[in-house]
**Q** 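Mind having a look at this structure? Questions to follow.
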There are 2 protein chains.
Amino acid sequence: MTENIQPTQGELEILQILWKKGPCTVREVNELLNATQDKSIGYTTTLKIMQIMFEKNLLSRNDSQRTHVYSAEVRESNIQSALLGRFLDAAYKGSASKLAMHLLGNHKTTPDELAEIKALIDKLEKNKPA
Amino acid sequence: MTENIQPTQGELEILQILWKKGPCTVREVNELLNATQDKSIGYTTTLKIMQIMFEKNLLSRNDSQRTHVYSAEVRESNIQSALLGRFLDAAYKGSASKLAMHLLGNHKTTPDELAEIKALIDKLEKNKPA
DNA sequence: TATTGTATACGAAACACTTCGTATTTAAGC
DNA sequence: GCTTAAATACGAAGTGTTTCGTATACAATA
């Protein structure tokens, strides 16, 4: 199911907020969007996008109150993995190692993170012995 | 310069072909696009996109002959890194290690690739001693 | 030079996402 | 019950990309 989901840029920004904050009203999301970003987005714009996301089942909502409360219906790591798979194909033609090289090479990764990644590689190597 | 370049999906597919094959005519690119993919794309569609890419300086062209020959004006690894940076922000909020986890965890990476990545990490750790 | 095949140029339609104005609904307070 | 403030619903315009029909240019050749 999750693999075919393709949230747009705007939708992803809203999902990020809901993943971090938990269930929110449209106004809360809109205010956080405007607080985080440089540009300012109208309330009805945020509302519209969230309504569309609701129709796509990216969000659920509690409308027992006048003010609806929206929740993410998709898991952060699922969406990330799906997007990553697509990105890997589109930009790297599937070469995960090339992507990893750029990732580690260009972006300052903390020593802790490097150690963590190395530990994961060790684990993978043990699980799949040559 | 390169950091601000944002090729679209369609443009990226054309760049992939030119990166792999070197300079090509519109017809060659169009045939390769249709050979690679499931969907079929009209010749003038490919032409139009490549003309737009030319205007954006993503491509250069040799029009000394009636049949123009196009070349990529941007380097593969530059574009990949730029796209990766954006993707990392949009989908992972900048957490490179989380992305790396998904990358190594979900996509089968060969033992050789794993060793290569581990070697890179070792090098990074030596260059930046705690 | 007229014909034919192929190339480029141009413009408009199709499509998807974003944006917001305005209408409508709703709940609370007077 | 009326008024007001705030929420949702709706519709349409704005924006960027893709798609392609059609016009035009060009070169080879009959």
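A note on names: the letters A, B, ... follow the listed sequences, proteins ahead of strands, and every chain is numbered from 1.
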**Q** To the nearest angstrom, how far is A:Met50 atom CE from D:dT8 atom P?
**A**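 Going from CE in A:Met50 over to P in D:dT8 covers 9 Å.
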
**Q** For A:Tyr70 and for B:Thr45, find the nucleotide of DNA chain D with the closest heavy atom, then tell me which residue's nucleotide is more 5'.
**A**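 By nearest-heavy-atom nucleotide position, the 5'-most residue is A:Tyr70.
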
**Q** Mind calculating the distance between CD1 (B:Ile41) and C1' (D:dT19) to the nearest angstrom?
**A**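 Going from CD1 in B:Ile41 over to C1' in D:dT19 covers 9 Å.
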
**Q** Rounded to the nearest angstrom, tell me the gap between atom CD in B:Gln9 and atom P in D:dG16.
**A**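 That distance rounds to 19 Å.
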
**Q** Just call it for B:Thr8: base, sugar-phosphate, or nothing, with non-hydrogen atoms closer than 4.0 Å on any strand.
**A**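 Touches sugar-phosphate only.
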
**Q** Taking NZ, NE, NH1 and NH2 as the nitrogens, is one of them in A:Lys98 or B:Glu76 under 4.0 Å from a carboxylate oxygen of the other?
**A**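 Result for this pair is yes, salt bridge flagged.
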
**Q** To the nearest Å, how far apart are B:Ile14 CD1 and D:dT18 P?
**A**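 Interatomic distance, CD1 of B:Ile14 to P of D:dT18: 8 Å.
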
**Q** Go through C:dT19, D:dA9, D:dT19 for me and flag the one nearest to the A:Thr44 side chain.
**A**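 The nucleotide sitting nearest to the side chain is D:dA9.
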
**Q** When the distance from CG of A:Leu12 to C1' of C:dT18 is rounded to whole Å, what number comes out?
**A**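 Distance, rounded to whole Å: 15 Å.
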
**Q** Quick check on C:dA9: is either OP1 or OP2 less than 4.0 Å from any side-chain nitrogen or oxygen of B:Gln51?
**A**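 Yes, because at least one side-chain N or O of B:Gln51 sits under 4.0 Å from OP1 or OP2 of C:dA9.
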
**Q** Report the distance from atom CG of A:Asn30 to atom P of D:dA6, rounded to the nearest whole Å.
**A**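 Rounding to the nearest Å, CG of A:Asn30 and P of D:dA6 are 15 Å apart.
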
**Q** Take A:Asp112 and A:Thr110 through the side-chain hydrogen bond (donor to acceptor under 3.5 Å, both in side chains) test and state the conclusion after the steps.
**A** CA-CA 5 Å; A:Asp112 282 358; A:Thr110 68; 5.4 Å; no

**Q** Rounding to a whole Å, what distance do you find between A:His68:NE2 and D:dA6:P?
**A**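 The distance from NE2 of A:His68 to P of D:dA6 comes to 18 Å, rounded to the nearest Å.
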
**Q** Check this for me: does the side-chain of A:Lys48 come within 3.5 Å of the base of D:dG11 through a donor and an acceptor?
**A**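 Checked by distance alone, the answer is yes.
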
**Q** How would you label the contact of A:Thr67 with the nucleic acid (heavy atoms, under 4.0 Å): base, sugar-phosphate, or nothing?
**A**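 Sugar-phosphate, backbone atoms only, no base.
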
**Q** Between A:Phe54 (CZ) and D:dC10 (P), how many Å, whole number?
**A**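 My rounded result for the distance is 12 Å.
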
**Q** Under a 3.5 Å cutoff, is there a donor and acceptor pairing between the side chains of A:Gln80 and A:Arg75?
**A**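 Absent: no donor and acceptor within the cut-off.
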
**Q** Would you state whether a donor and an acceptor, one from the side chain of B:Arg66 and one from the base of C:dT6, lie under 3.5 Å apart?
**A**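 When only heavy-atom distances are counted, B:Arg66 does reach the base of C:dT6 through a donor-acceptor pair under 3.5 Å.
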
**Q** Please tell me whether A:Tyr92 and A:His102 form a close aromatic pair, meaning their ring centres lie under 6.0 Å apart.
**A**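 Yes: the rings meet the under 6.0 Å criterion.
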
**Q** Between A:Glu13 and A:Gln9, is there a side-chain donor-acceptor contact under 3.5 Å, judged purely by atom types and distance?
**A**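 There is such a pair (donor and acceptor under 3.5 Å, judged by atom type) between the side chains of A:Gln9 and A:Glu13.
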
**Q** Consider the side chain of A:Ile49, meaning its heavy atoms from C-beta on, and name the nucleotide among C:dT18, D:dT19, D:dT8 that approaches it most closely.
**A**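 Side chain of A:Ile49 sits closest to C:dT18.
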
**Q** Would you mind telling me which residue lines up with the more 5' stretch of DNA chain C, A:Gly10 or A:Gln65, judged by nearest nucleotide?
**A**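 Closest to the 5' end, via its nearest nucleotide, is A:Gly10.
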
**Q** On a plain distance test, is the side chain of A:Arg27 in donor-acceptor contact with the base of D:dA7 below 3.5 Å?
**A**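 No, no donor-acceptor pair under 3.5 Å.
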
